[in-house]
Visitor: 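Got a structure for you, written out below as structure tokens; questions coming shortly.
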Protein chains: 2
Amino acid sequence: MLAQAATNSTFPVGALSGANRVGVSRGAPASFSPDQPHQVVFYDGNQEIYAQGERAKALYQVEFGMVRLYRLLADGRRQISAFHVAGEVFGFEMDGQHHFFAEAVGRVGIRVFRQPANDANWRQTLTAALAALVRAQEHMLVIGRQNAAERVAAFLIDMQERQGGDRHIELPMSRNDIGDYLGLTIETVSRMLSKLKANGVIRLTNARTIEVVDEAALEALCE
Amino acid sequence: MLAQAATNSTFPVGALSGANRVGVSRGAPASFSPDQPHQVVFYDGNQEIYAQGERAKALYQVEFGMVRLYRLLADGRRQISAFHVAGEVFGFEMDGQHHFFAEAVGRVGIRVFRQPANDANWRQTLTAALAALVRAQEHMLVIGRQNAAERVAAFLIDMQERQGGDRHIELPMSRNDIGDYLGLTIETVSRMLSKLKANGVIRLTNARTIEVVDEAALEALCE
DNA sequence: CGCCTCATTGATTCTACTCAATTCGGGTGG
DNA sequence: CCACCCGAATTGAGTAGAATCAATGAGGCG
């Protein structure tokens with residue numbers, strides 16, 4: 001498990017705000033701190049946080065870094081349903097079981113809340129769950145009805161917003177992850193990024209660092 | 001709005017159970033009845049229950065019939081994020097606003113709960129929200145990573161389970177709805193159904209009534 | 001320095017979309 | 001009752017877009 005260390009600082013709210021492109025303010029919970037001693041656990045990149053089918057025993061809040069949630073088909077096809085960044089809560093269960101895999105994308109710090117949803121923290125839990133639900137439903141629109149270029153553009157804008165709106169975006173995840181999130185192959189993701197670059201919409205400092213040059217053009221791609 | 005009539009019967013729990021194909025028991029709430037006088041409202045087919053951006057003022061539980069939730073892109077492309085059947089709760093809001101459209105598929109009865117989530121009903125609300133979340137995440141796997149045949153097969157199995165597992169399935173929605181749910185065109189949906197029919201997997205009594213002949217073959221398509 | 005993984009680019013294939021033409025079924029009115 | 005009409009569904013032909021297969025390039029690390 002490799003779970004290391006444990007601090008107990010007050011939760012620093014991630015500086016994540018701003019409305020997304022379809023006019024929904026993301027509503028990450030301002031804080032999430034049930035009255036219990038909780039701890040921060042660290043994971044290295046690609047480490048498993050929990051597995052599908054595993055007995056759920058806690059909720060998790062990202063402290064720093066990024067987490068991916070995904071499911072697999074029998075033949076190995078993978079769909080990443082969400083990336084979670086600082087401040088976001090994940091690990092909701094139904095029937096006491098996790099229905100997805102959760103893994104660290106890079107090194108990540110996770111605050112663990114071992115007590116289940118109860119009368120004291122229900123509101124925070126519900127708020128976090130609804131945020132995840134709205135996000136999931138919005139993502140369905142992207143993967144169900146947008147073409148490759150639009151998906152990549154939507155992804156970049158989403159990442160940009162979640163990193164504070166700066167023109168320089170850091171992509172902690174691989175092309176493979178992006179593909180599995182957008183329902184595309186890694187080649188198509190790469191091609192679309194190259195096209196955006198060729199059209200002067202973005203600049204690729206390196207494979208994992210992107211600068212948005214023409215934000216309007218990027219947004220236009222999202223309809 | 002056309003909202004008609006109002007009864008006040010005790011809620012009859014829909015006979016909806018059974019694990020879905022990926023081993024998740026669907027967890028529709030056994031009941032949902034905050035201690036308030038609530039009423040059943042009836043809608044005709046294609047009537048709007050609420051609109052995107054509309055101020056949210058209630059939660060809704062399907063009494064009978066079917067409801068579709070969807071979003072639109074600027075150019076009219078539509079993604080249906082969920083169909084809801086008897087017993088299921090929808091209409092969760094964030095920031096006091098609905099983020100989706102809700103419409104009756106055919107004639108439908110809806111129990112309306114006007115009071116917001118509170119200390120008395122938080123558990124039921126959370127359970128319903130988590131059920132919707134798990135469903136949404138599972139549907140992402142279908143539209144993100146499965147081909148047309150697999151999507152249609154998954155849809156049929158899902159409908160079958162939600163109607164009690166009988167071999168005879170009633171599809172209250174149009175091919176257009178199915179397409180917008182699965183991220184396919186109506187022609188592709190039709191072709192896949194024809195292919196399943198040609199292969200002896202299903203029988204089409206009429207366009208809206210399907211009999212599952214070879215359940216194993218259907219499930220095999222879902223991986 | 002060389003290896004290994006990740007990313008990019010190219011050539012080709014194939015799935016699902018688009019456009020178009022029937023067909024089917026349900027409802028209406030003569 | 002039957003003919004007609006209209007929207008929904010099916011079927012067909014051709015095309016476009018993303019997947020696949022394959023080769024090359026760029027970093028990062030021992």
Side-chain angles (χ1 to χ4, degrees), chain A residues 44-46 68 73 75-80 105-107 142-156 169-199 202-210 221, chain B residues 44-46 68 73 75-79 105-107 142-156 169-199 201-210 221:
Chain A
D44 287 327
N46 301 316
R68 60 175 167 255
L73 286 169
D75 61 2
R77 281 176 289 179
R78 183 178 70 153
Q79 177 67 41
I80 292 179
V105 172
R107 182 161 173 78
V142 173
I143 62 182
R145 282 301 179 208
Q146 305 207 166
N147 63 30
E150 291 170 329
R151 292 186 207 193
V152 171
F155 172 75
L156 291 179
I169 313 174
E170 265 306 310
L171 301 180
M173 74 291 284
S174 68
R175 295 288 187 273
N176 213 318
D177 280 347
I178 299 174
D180 285 349
Y181 180 59
L182 298 177
L184 299 171
T185 59
I186 110 177
E187 293 95 330
T188 300
V189 172
S190 188
R191 270 185 254 275
M192 292 304 133
L193 288 172
S194 298
K195 188 155 72 172
L196 287 173
K197 183 172 112 183
N199 294 348
I202 62 172
R203 198 169 301 156
L204 280 160
T205 309
N206 63 55
R208 303 281 182 103
T209 312
I210 288 175
L221 271 173
Chain B
D44 286 329
N46 301 318
R68 60 175 168 254
L73 286 170
D75 61 2
R77 280 177 289 178
R78 182 178 71 153
Q79 177 66 42
V105 172
R107 183 163 174 75
V142 174
I143 61 182
R145 283 302 178 206
Q146 305 206 170
N147 62 31
E150 291 170 328
R151 294 186 205 192
V152 171
F155 172 75
L156 291 179
I169 313 174
E170 266 304 312
L171 301 180
M173 75 291 284
S174 68
R175 295 288 187 271
N176 213 319
D177 280 348
I178 298 174
D180 284 349
Y181 180 59
L182 298 177
L184 298 171
T185 59
I186 107 178
E187 293 97 330
T188 300
V189 171
S190 188
R191 271 184 254 274
M192 294 302 134
L193 288 172
S194 297
K195 188 155 71 173
L196 287 174
K197 183 171 114 184
N199 294 348
V201 179
I202 62 172
R203 197 169 299 154
L204 281 160
T205 310
N206 64 54
R208 302 282 183 103
T209 312
I210 287 176
L221 271 173

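Any value given below was found using the heavy atoms of this structure, including those in side chains, with hydrogens, waters and symmetry copies removed. Small disclaimer: the values here were computed from a predicted structure and weren't measured.
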Visitor: By nearest nucleotide on DNA chain D, pick out whichever of B:L204 and A:N147 is the more 5' one.
Guide: B:L204
Visitor: A:T205: which residues meet the side-chain contact (heavy atoms from CB on, under 4.5 Å) condition with it, sequence neighbours left out?
Guide: A:T209
Visitor: Indicate, with a heavy-atom threshold strictly under 4.0 Å, whether A:R151 touches base, sugar-phosphate, or nothing.
Guide: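 Nothing, no nucleic acid heavy atom in range.
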Visitor: How close do B:V189 and B:R175 get, heavy atom to heavy atom, and via which atoms?
Guide: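 What the structure gives for the nearest pair is CG1-CD, 3.9 Å.
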Visitor: At what distance, to the nearest 0.5 angstrom, does CZ of B:F155 lie from CD1 of B:I210?
Guide: 8.0 Å
Visitor: Tell me whether B:Q79 contacts the main-chain N or O of B:Y181 through its side chain, where contact means a donor paired with an acceptor under 3.5 Å.
Guide: yes
Visitor: Heavy atoms only: give me the nearest A:N147-B:R77 pair and the separation to one decimal.
Guide: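 Where A:N147 meets B:R77 most closely, the heavy atoms are N-NH1, 4.3 Å.
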Visitor: What is the minimum heavy-atom distance between A:L221 and A:A153, and which atoms define it?
Guide: CB-CB, 3.6 Å
Visitor: Could you state the atom-to-atom distance from CD of A:E187 to C1' of D:dT24 in whole Å?
Guide: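 It works out to 13 Å between those atoms.
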Visitor: What is the separation between atom CG on B:N46 and atom C1' on D:dA8, rounded to the nearest whole Å?
Guide: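 Rounded to whole Å, this separation is 13 Å.
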Visitor: Report yes if some heavy atom in the side chain of A:V142 is under 4.5 Å from a heavy atom in the side chain of A:E150; otherwise report no.
Guide: no
Visitor: Side chain of B:R191, base of D:dG12: donor and acceptor closer than 3.5 Å?
Guide: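 Checked by distance alone, the answer is yes.
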Visitor: Residues of residues 171-186 of chain A with any non-hydrogen atom less than 4.0 angstrom from an atom of DNA chain C: list those, numerically ordered, please.
Guide: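 Output list: A:S174, A:R175, A:I186.
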Visitor: Within a radius of less than 6.0 Å around CZ of A:R203, do more than 12 heavy atoms belonging to other residues, nucleotides or ligands occur?
Guide: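 No, not enclosed.
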Visitor: Roughly how bent is the helix from C:dC1-D:dG30 to C:dG30-D:dC1 end to end, in steps of 10 degrees, with each end axis from five pairs?
Guide: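 The angle, to the nearest 10 degrees, is 30°.
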Visitor: Polar atom pairs between nucleotides 26-30 of chain D and protein, under 3.5 Å, N or O only, would you list them?
Guide:
none

Visitor: Once you round to the nearest 0.5 Å, how far does CZ of A:R145 lie from CD1 of B:I143?
Guide: 9.0 Å
Visitor: With no hydrogens and no angle check, is any side-chain donor or acceptor of A:S190 less than 3.5 Å from a backbone partner on A:I186?
Guide: no
Visitor: Mapping B:T188 and A:V189 to their closest nucleotides on DNA chain C, which lands nearer the 5' end?
Guide: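 Upstream on the strand: A:V189.
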Visitor: Testing B:K197, B:R191, B:M192 for side chain to side chain contact (heavy atoms under 4.5 Å, CB included) with B:K195, which one passes?
Guide: B:M192
Visitor: Give me the first and last nucleotide of DNA chain C, going 5' to 3', that has any atom under 4.0 Å from a heavy atom of chain A.
Guide: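 That gives a stretch of C:dC6 to C:dA11.
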Visitor: Give a yes or no answer on whether the side chain of B:R107 reaches the backbone of B:G45 with a donor-acceptor pair at less than 3.5 Å.
Guide: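 Answer holds: no.
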Visitor: Sequence neighbours excluded, which residues qualify as side-chain contact (heavy atoms from CB on, under 4.5 Å) partners of B:R78?
Guide: B:R68, B:Y70, B:L72, B:I80, B:N176, B:D177, B:D180
